[in-house]
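Here is the structure we will look at, set down as structure tokens.
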Amino acid sequence: MTSYRTHKCNELNLTHKGNKIILSGWINKKRDHGNLLFLDLRDNYGLTQCVIDKSNSIFKEIEKIPLETVVKIEGKVVERSKETINLNISTGEIEVSINTFEILGSTKELPMPIFSDQEYAEEIRLKYRFLDLRRKKIHQNIILRSKIISFIRSEMEKLGFLEFQTPILTSSSPEGARDFLVPSRLNPGKFYALPQAPQQFKQLIMVSGFDKYFQIAPCFRDEDARADRSPGEFYQLDVEMSFVEQEDVFDVFEKLFLKVFTKFSNKKILQNKFPKITYSDSMLKYGTDKPDLRNPLVISDLTEIFHRGDVKFDIFKKLVKEGSLVRCLITKNTKDKPRSFFDKIDNWAKEQGSSGLAYFTIEKSDKLTGKGPVGKFFSEDSIVEIMKLAKAEVGDTVFLSCGKKNEIQKILNMARVKLAEELDLIDNNCFSFCWIVDYPMFEKDEETKKIKFSHNPFSMPQGDIKNLDFTNPLSMKAYQYDIVCNGVELSSGAIRNHIPELMYKLFEIAGYSKSNVDEKFSGMINALSYGAPPHGGLAPGIDRIVMLLANEKNIREVTMFPMNQNAQDLMMNAPSNVSEEQLKELNLSIKKKN
RNA sequence: GGGGGUGUAGCUCAGUUGGUUAGAGCACGUGCCUGUCACGCACGGGGCCGAGGGUUCGAGUCCCUUCACUCCCGCCA
């Protein structure tokens with residue numbers, strides 16, 4: 001109890017009948033009957049209906065107060081008559097008969113209504129975020145976020161993990177995303193970088209002997225935004241453990257995710273033990289390394305079919321001869337779909353920048369035939385073979401894409417999602433997790449043709465560490481893994497390479513000399529030379545976990561003060577110009593742009 | 001860096017093949033109304049039709065340029 005309130009706006013019920021009380025909050029809604037006024041008062045906790053009529057001398061005055069004004073109300077708790085009970089709110093059995101009121105905070109005309117479920121332009125929402133956050137749905141999302149983080153923190157502590165903070169001003173590293181740089185005043189011409197993740201620090205914590213670490217860690221990456229990716233900054237549940245193998249890490253996180261997702265959602269979790277899919281399988285079957293396993297559609301490779309003499313699909317055959325692949329998606333029992341359905345998919349594929357999707361439906365009268373624009377190119381024998389390879393049946397439709405591996409993976413990944421949406425195949429009432437494992441250690445940069453780390457340079461390669469074969473680096477796999485839920489990449493992680501000689505060797509393959517490594521990763525490489533334990537970890541994105549649990553499609557809906565797509569904070573006006581003095585102090589000058 | 005969508009009253013939106021004075025709901029203002037909970041009724045104020053240029057007798061509508069917001073590709077070890 002304070003001088004502002006004796007109760008909160010969700011608290012009053014019949015047990016308070018007759019009590020004199022004080023409430024403070026925002027005027028959510030008024031219903032003015034002329035001689036009788038209902039006023040819904042709102043605070044963080046709930047709503048209370050207050051009522052006043054013309055017999056009170058302040059009636060005319062209170063009638064005029066605009067919505068969203070902050071007021072203090074003194075009055076008496078009154079039982080509502082049976083017909084006027086409102087079961088939608090916790091205080092619906094009573095109302096407060098207003099005695100006096102005081103305006104605590106007045107309001108200008110609102111740029112956006114608070115009491116409404118309408119959607120609003122992003123620009124207004126972000127500029128007036130403090131108003132947007134008063135709205136019920138997003139207010140609840142932010143509270144949910146707080147509860148989830150708090151729950152995770154206590155679960156991690158129960159599991160014996162210690163929470164540590166790591167530096168925000170650190171050094172730029174050559175791998176990974178674009179860094180945010182911070183000029184150093186005391187070291188003119190030099191820059192700090194904001195951490196893309198506390199990757200090196202958490203490994204150093206392991207070398208320091210702390211055994212189990214976690215942190216709700218801010219991460220900064222200067223890359224372009226997406227619906228599920230905030231520009232600039234986001235939070236990870238950063239975790240690292242000593243003396244563990246991949247399965248030990250999986251064990252901890254499967255338990256944690258099951259607990260978190262059961263506690264904060266009613267949706268069904270499809271697997272208690274998350275399936276493991278190798279990276280190469282995932283790229284073949286789903287065209288992506290973050291497959292949505294709620295989607296039953298699977299990609300199959302049909303390239304071999306186009307070497308057959310009894311297949312007359314000459315355009316594809318020519319491309320296959322030149323090294324292209326053909327892969328397909330099968331939709332079950334779509335023989336009766338109208339022509340417009342198939343045209344729509346084909347047009348959509350063309351809009352995505354592909355050459356479209358060829359398709360035919362498998363039919364059977366006295367023999368098997370392909371119905372549709374390209375059906376006539378396939379003999380009965382070849383259709384039998386396709387049915388075998390793609391697990392297709394009579395009545396199913398085969399959608400074909402031909403091209404370079406990267407291209408068809410991309411388009412079939414998108415087509416898989418598009419077809420599932422069109423056919424309504426995805427059950428939105430469940431969560432489907434999986435691990436993606438066995439990432440390649442290296443990959444070839446298509447532009448520079450050079451070999452680079454495909455994921456994380458600190459990952460441990462698979463195989464007999466003492467006798468690793470470095471002659472074919474592109475075939476090396478790493479103990480590197482991702483966890484995916486409903487097609488959202490929640491995190492990546494790895495068992496780390498804690499052996500300095502091996503680290504130098506791997507960096508050499510990626511084009512870094514020993515002295516280069518010593519300079520760029522000095523903290524890490526030096527530490528590994530003084531008795532480093534085997535260790536590994538994971539770092540799930542907090543924002544994305546909350547997004548899934550709040551059933552939101554955009555990360556701004558679970559972020560309190562997000563930036564817009566151009567990485568601007570419209571409310572605080574960031575980024576902004578700075579004074580000449582500030583620049584001078586930092587030894588910086590701004591190049592004029594013409 | 002590239003592609004798509006959107007931009008009309010404070011907010012959400014409608015606005016026909018180019019044709020009089022650009023509309024509705026909510027919000028705001030005035031009046032009526034004592035049981036509403038999306039209260040109701042009547043009246044009213046409020047518009048550089050994102051900005052600039054062009055075509056035309058005439059542009060919210062057609063063309064060009066540009067800006068803002070957003071979604072996607074690239075990028076994100």
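In the text below, chain A, chain B and the rest are named by the order of the sequence lines, each starting its count at 1.
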Yes or no on side-chain contact (heavy atoms from CB on, under 4.5 Å) for A/Arg544 and A/Arg229, after CA distance, side-chain angles and deciding distance? CA-CA 8 Å; A/Arg544 286 182 183 174; A/Arg229 203 164 85 200; 4.1 Å; yes
Regarding A/Asn566, tell me which of base, sugar-phosphate or nothing describes its non-hydrogen contacts under 4.0 Å with the strands shown. sugar-phosphate
Residue A/Glu95, side-chain atoms from C-beta onward, closest of B/G74, B/G35, B/G31: B/G35
side-chain N/O A/Asn86 vs B/U36 OP1/OP2, d < 4.0 Å: no
Less than 4.0 angstrom between a side-chain N/O of A/Arg31 and OP1 or OP2 of B/U36, yes or no? no
Interatomic distance at P, B/G50 relative to B/U6, whole Å: 13 Å
Using a heavy-atom cut-off of under 4.0 Å over every strand shown, decide if A/Asn564 touches base, sugar-phosphate, or nothing. sugar-phosphate
Can you tell me if A/Asn554 touches the phosphate of B/C71, counting only side-chain N or O atoms and a distance under 4.0 Å to OP1 or OP2? yes
Determine which nucleotide pairs with B/G1, using a 3.5 Å limit on both distances of a Watson-Crick or G-U wobble pair. B/C73
Testing B/U34, B/A27, B/U12 for proximity to the side chain of A/Lys54, the answer is B/U34
Phosphate OP1/OP2 of B/C71 contacted by A/Arg556 side-chain N/O (<4.0 Å): yes
Given atom NZ of A/Lys452 and atom C1' of B/C76, what is their separation to the nearest angstrom? 11 Å
Is the A/Phe38 ring parallel, tilted or perpendicular to the A/His33 ring (thresholds 30°, 60°)? perpendicular
Using Watson-Crick or G-U wobble geometry with both distances below 3.5 Å, tell me the partner of B/U56, or none. none
Stepwise side-chain contact (heavy atoms from CB on, under 4.5 Å) check, A/Phe253 with A/Val239: CA-CA 10 Å; A/Phe253 276 91; A/Val239 176; 3.6 Å; yes
Looking for any heavy atom pair under 4.0 Å, which part of the strands does A/Gln49 touch: base, sugar-phosphate only, or nothing? base
Can you tell which of B/U34, B/C33, B/U12 lies closest to the side chain of A/Leu36? B/U34
For A/Pro562, does its backbone N or O pair with a side-chain atom of A/Arg129 as donor and acceptor, under 3.5 Å? no
Within the structure shown, what part of the strands sits under 4.0 Å from A/Gln199 by heavy-atom distance: base, sugar-phosphate, or nothing? base
Checking A/Gln462 side chain against A/Ala478 main chain: does a donor-acceptor pair fall under 3.5 Å? yes
Hey, does A/Pro218 have a side-chain heavy atom less than 4.5 Å from the side chain of A/Glu233? no
Counting only Watson-Crick or G-U wobble pairs whose two distances fall under 3.5 Å, which nucleotide matches B/U6? B/A68
Between atom CD in A/Glu223 and atom P in B/G1, what is the gap in whole Å? 14 Å
Scan A/Phe453 against the nucleic acid and name what it touches under 4.0 Å (heavy atoms): base, sugar-phosphate only, or nothing. sugar-phosphate
Using a cut-off of strictly less than 4.0 Å, decide whether A/Arg221 has a side-chain nitrogen or oxygen near OP1 or OP2 of B/C75. no
Whether A/Lys64 contacts B/G29 is assessed here as follows: a side-chain N or O lying under 4.0 Å from the phosphate OP1 or OP2. Is that the case? no
Could you check which of B/U36, B/U70, B/C33 has an atom nearest any side-chain atom of A/Asn35? B/C33
Angle class for the A/Tyr512/A/Phe507 ring planes (parallel below 30°, perpendicular above 60°, tilted otherwise)? perpendicular
P atom, B/C13 versus B/U56: distance in rounded Å? 36 Å
Go ahead and name the base partner of B/C33; Watson-Crick or wobble counts if both distances stay under 3.5 Å, otherwise write none. none
Could you state the atom-to-atom distance from OH of A/Tyr120 to C1' of B/U6 in whole Å? 18 Å
Would one find a side-chain N or O of A/Lys29 under 4.0 angstrom from OP1 or OP2 of B/A27? yes
Under a 3.5 Å cut-off for both contacts, is B/G45 paired Watson-Crick or G-U wobble with anything, and if yes, with which nucleotide? none
I'd like to check, for A/His33, whether its ring lies over the base of B/C39 with centroids under 5.5 Å apart and a plane angle smaller than 30°. yes
Length of the line joining A/Leu47:CG and B/U36:P, which is rounded to integer Å: 18 Å
To the side chain of A/Glu109, which of B/A27, B/C39, B/G1 is closest? B/A27
Using atom C1' of each nucleotide, how far apart are B/C69 and B/A38 to the nearest Å? 29 Å
Under 4.0 Å between any heavy atoms, over every strand shown, what does A/Ser454 touch: base, sugar-phosphate, or nothing? Just pick one. sugar-phosphate
Distance from A/Asp518 atom CG to A/Ser513 atom OG, nearest 0.5 Å? 8.0 Å
Test your reading of the model: is there a side-chain donor-acceptor pair from A/Lys30 to the backbone of A/Ile65, 3.5 Å cut-off? yes
Atom-pair distance (NZ on A/Lys136; C1' on B/C37), nearest Å: 13 Å
Provide, to the nearest angstrom, the distance between the NZ atom belonging to A/Lys60 and the P atom belonging to B/U30. 10 Å
Let's test your reading of the model: under 3.5 Å, does the base of B/C75 pair with the side chain of A/Arg229 as donor and acceptor? yes
Using atom P in both nucleotides, what's the gap between B/G47 and B/U8 to the nearest angstrom? 15 Å
Establish, with yes or no, whether the OP1 or OP2 oxygen of B/A68 is under 4.0 angstrom from a side-chain nitrogen or oxygen of A/Gln565. no
For A/Asp117 and B/U12, give me the distance from atom CG to atom P, rounded to whole Å. 15 Å
Using a cut-off of 4.0 Å on non-hydrogen atoms, how would the nucleic acid contact of A/Pro457 be classed: base, sugar-phosphate, or nothing? base
A/Ile65 vs A/Thr84, nearer the 5' end of RNA chain B by closest nucleotide: A/Ile65
Atom CG of A/Asp32 to atom C1' of B/G29: distance rounded to whole Å? 13 Å
Pick the nucleotide of RNA chain B nearest each of A/Asn456 and A/Asp40; which residue has the one closer to the 5' end? A/Asp40
